[in-house]
Colleague: 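Take this structure, written in structure tokens, and hold onto it; I'll ask about it next.
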Amino acid sequence: MKKRIILFVAGILFLQYFASAQNVVVVVIDGARYTETFGADSLYIPHIWKQLRPLGTIWTHFCNDGITKTDPGHASIITGTWQSLDNKGIFRPTLPTIFEYYRKTFRAPKSATAVVVGKHKLDILAFSTHHNYGAKYGASTFISRDDKSVVRNLKKILRKNHPRLIFVNLPSTDAAAHTGKWTRYLSAIRTADSLVFTIWNALQSNSFYCNKTTLFITNDHGRHDKLHGGFKDHGDNCEGCRHIMLLGVGRNISVNTVATKRGTICDIAPTVGELLSFPTPYSTGSSLLSDTLLNSTQ
Ligand SMILES: [Zn+2]
Ligand SMILES: [Zn+2]
């Protein structure tokens, strides 16, 4: 009898997993300030602005209200909680990540979730230290060194592994800005912009992902505005560091829409949870889907 019940529950979970045959990809352009993204229209992000924006929804009042550094920013995105981690990659998030929620809910294999990043200190994102989750629900992790190698890696993973929930970090904009050279910073944003467009095209030309995937593009933090030291660095609570971009494109996202309601990076995890039908009980953010028209036919 007990065996039958276990089989029945396993069957339901299996069906749930395949019924939720949707995918989500979250791409973080590391450290791009709003004034050089949506704030400048198509000037530095022509592909995102002219080709992707009409296909989706942009959030124009989107912020990192926590620590505006790389590791805490990324950890807050994937947990939906404000994570006050150091920025050296020593400590893992303390509350469950979207990968752990996903794998635990659907009993999904490790290969179903992927963390594809360009900084070694971001390997902490694969799983949290939470006692009910942790390593056994962690994501498969792929580390490269710059935007181009991350995207090369990602394309290979899309073809071979077919993960359903993918988190991507494009590191080069932040690295270029830290050199203090304005033209290098802008050129890195332009490269990231064209790579984001190739990611979208790679998804749309793959039958596993085409019309079954929601893509988000955001940032972990911005950069100081002119009154707080300028674009070279980041890390405080100035408007330049806090204000970032969010674009959603694809399944369940309305086209050609501007959402002006204020949102934060903690809203991304519950949004991903709603899209893929898994709960995110520790998250303190709220799903952003009510800001965009749900349209399952897209
Ligand atoms: Zn960063
Ligand atoms: Zn600042």
Side-chain angles (χ1 to χ4, degrees), residues 26-40 44-45 48 61-79 81-93 97 115-126 141-151 154 167-182 184-193 195-196 216-247 264-266 268-269:
V26 178
V27 177
V28 173
I29 300 176
D30 201 312
R33 193 170 58 179
Y34 188 85
T35 43
E36 286 75 59
T37 60
F38 296 167
Y44 311 119
I45 52 164
I48 290 174
H61 292 78
F62 199 68
C63 292
N64 175 348
D65 282 344
I67 296 172
T68 56
K69 292 190 175 174
T70 298
D71 274 36
H74 283 79
S76 300
I77 293 173
I78 57 160
T79 61
T81 65
W82 296 116
Q83 290 283 308
S84 317
L85 302 180
D86 74 350
N87 197 30
K88 296 195 181 84
I90 298 167
F91 300 108
R92 291 186 175 276
T97 64
V115 169
V116 191
V117 293
K119 287 179 174 175
H120 279 279
K121 66 180 184 177
L122 289 176
D123 68 352
I124 57 136
L125 301 179
T141 308
F142 305 85
I143 303 173
S144 339
R145 62 180 192 287
D146 57 21
D147 287 8
K148 284 180 184 163
S149 53
V150 166
V151 173
L154 173 65
F167 183 84
V168 181
N169 157 271
L170 299 179
S172 301
T173 295
D174 187 63
H178 280 306
T179 66
K181 298 204 167 71
W182 177 244
R184 279 177 75 167
Y185 168 52
L186 296 181
S187 141
I189 294 179
R190 287 196 179 97
T191 304
D193 170 67
L195 288 170
V196 162
F216 291 102
I217 315 295
T218 190
N219 316 110
D220 50 344
H221 52 79
R223 319 200 69 76
H224 294 318
D225 50 40
K226 280 197 178 123
L227 293 173
H228 297 84
F231 76 97
K232 185 172 184 282
D233 293 310
H234 58 89
D236 63 6
N237 59 4
C238 79
E239 171 72 8
C241 285
R242 293 235 179 276
H243 194 184
I244 53 177
M245 63 175 280
L246 177 67
L247 162 75
T264 76
I265 52 173
C266 285
I268 293 176

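Residues: numbered from 1 along the sequence shown. Predicted model only: the values in this text are computed from it and were never measured. Both counts, for ligands and for their atoms, begin at 1 and track the order of listing.
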Colleague: Taking both backbone and side-chain atoms into account, decide whether His234 has an N/O/S atom under 2.8 Å from the Zn ion (ligand 2).
Modeller: no

Colleague: Which label fits Tyr185 and Phe231: parallel for a plane angle under 30°, tilted from 30 to 60°, or perpendicular past 60°?
Modeller: parallel

Colleague: Hey, what's the angle at the Zn ion (ligand 1) spanning OG1 (Thr70) and OD2 (Asp220), nearest 10 degrees?
Modeller: 110°

Colleague: Please find out if the Zn ion (ligand 2) and some N, O or S atom of Asp236 are separated by less than 2.8 Å.
Modeller: yes

Colleague: Quick one: angle His221 NE2 - the Zn ion (ligand 1) - Asp30 OD1, to the nearest 10°?
Modeller: 120°

Colleague: Might you confirm whether atom NZ of Lys69 has over 12 heavy atoms from other residues, nucleotides or ligands at distances under 6.0 Å?
Modeller: no

Colleague: Only to 10 degrees, please: what angle do the SG atom of Cys238 and the ND1 atom of His224 make about the Zn ion (ligand 2)?
Modeller: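 His224 ND1 and Cys238 SG form an angle of 130° at the Zn ion (ligand 2).
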
Colleague: Give a yes or no on whether a salt bridge exists between Arg223 and Asp174, defined as a side-chain N under 4.0 angstrom from a carboxylate O.
Modeller: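 Judged by the 4.0 Å cut-off on N to carboxylate O distance, Arg223 and Asp174 do form a salt bridge.
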
Colleague: Quick check: does Asn219 have an N/O/S atom under 2.8 Å of the Zn ion (ligand 1)?
Modeller: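 Under 2.8 Å: Asn219 has no N, O or S contact with the Zn ion (ligand 1).
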
Colleague: Short question: side chain of Thr97, backbone of Ile78 - any donor-acceptor pair under 3.5 Å?
Modeller: no

Colleague: In terms of ring plane angle, is the pair Phe167 and His74 parallel, tilted or perpendicular, where the classes change at 30° and 60°?
Modeller: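 If you compare the ring of Phe167 with that of His74, the planes turn out perpendicular.
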
